[in-house]
J.: 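This structure is in structure tokens; I'll ask about it shortly.
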Amino acid sequence: SSAAAWEAISAPTFDRAALAEALEARRADFGEFVLDLAEDLHGFVASLSPEQKTRFLERAEDRDFLRSLLFPRRSRDDRDD
């Protein structure tokens, strides 16, 4: 994570192993997230009519369409700054 990377960079001594472990844990968590997301999206697509499914899959070929659908941009008011 960016927090783990920043901690490693700002620490008096660089702990490569600790950072590698934190990054690997984040990759594993993200992999599980993608699997869950794909499974949910598959269920949604399966529930569509044949015409809806065709239109959805055509739009889904545009990477920006899926990105905006699955990861909508938050407004500045919604951010936890």
Side-chain angles (χ1 to χ4, degrees):
S1 76
S2 59
W6 183 246
E7 286 178 28
I9 292 166
S10 61
T13 57
F14 184 74
D15 188 343
R16 184 181 182 92
L19 180 55
E21 184 178 323
L23 293 174
E24 185 57 38
R26 181 169 169 94
R27 277 191 290 272
D29 290 345
F30 186 71
E32 284 296 315
F33 170 75
V34 170
L35 288 171
D36 291 343
L37 188 63
E39 185 175 24
D40 290 345
L41 190 55
H42 179 268
F44 168 75
V45 170
S47 73
L48 299 175
S49 72
E51 296 81 18
Q52 291 172 321
K53 182 177 180 177
T54 298
R55 284 195 316 240
F56 180 86
L57 293 176
E58 286 171 354
R59 290 191 72 189
E61 288 179 10
D62 177 359
R63 202 173 149 158
D64 289 333
F65 169 74
L66 278 181
R67 182 179 291 129
S68 65
L69 176 69
L70 301 174
F71 306 104
R73 295 185 92 158
R74 296 185 328 185
S75 70
R76 289 203 174 273
D77 296 334
D78 293 339
R79 294 186 182 155
D80 298 327
D81 293 331

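We number each residue from 1, following the sequence as shown.
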J.: How long is the gap from CZ on R63 to OG on S68, to the nearest 0.5 Å?
T.: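 So the CZ of R63 and the OG of S68 are separated by 12.5 Å.
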J.: Please say which of Q52, E58, E51 ends up in a side chain to side chain contact (heavy atoms under 4.5 Å, CB included) with T54.
T.: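 Of the listed residues Q52, E58, E51, the side chain to side chain contact (heavy atoms under 4.5 Å, CB included) partner of T54 is E58.
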J.: Using the side chain to side chain contact (heavy atoms under 4.5 Å, CB included) definition, which of the options V34, L35, D29 pairs with E32?
T.: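 Filter result, single survivor: L35.
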J.: Restricting to non-hydrogen atoms, name the atom on A8 and the atom on L19 that form the minimum distance, rounded to 0.1 Å.
T.: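 Looking at all heavy atoms of both residues, the closest pair is CB-CD2, 3.9 Å.
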J.: Check step by step if side chain to side chain contact (heavy atoms under 4.5 Å, CB included) holds for L23 and R27.
T.: CA-CA 6 Å; L23 293 174; R27 277 191 290 272; 4.1 Å; yes
J.: With sequence neighbours left out, write down each residue that passes side-chain contact (heavy atoms from CB on, under 4.5 Å) with D15, or none if nothing qualifies.
T.: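 With sequence neighbours excluded, D15 shows a side-chain contact (heavy atoms from CB on, under 4.5 Å) to A17, A18, given in chain and number order.
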J.: Which atom names give the shortest non-hydrogen contact between L66 and A60, and what distance separates them?
T.: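 Here L66 and A60 meet closest at CD1-O, 3.5 Å.
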J.: On the 0 to 90° scale, with breaks at 30° and 60°, tag the F71-F33 ring pair as parallel, tilted or perpendicular.
T.: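 Rings of F71 and F33: tilted, 30 to 60°.
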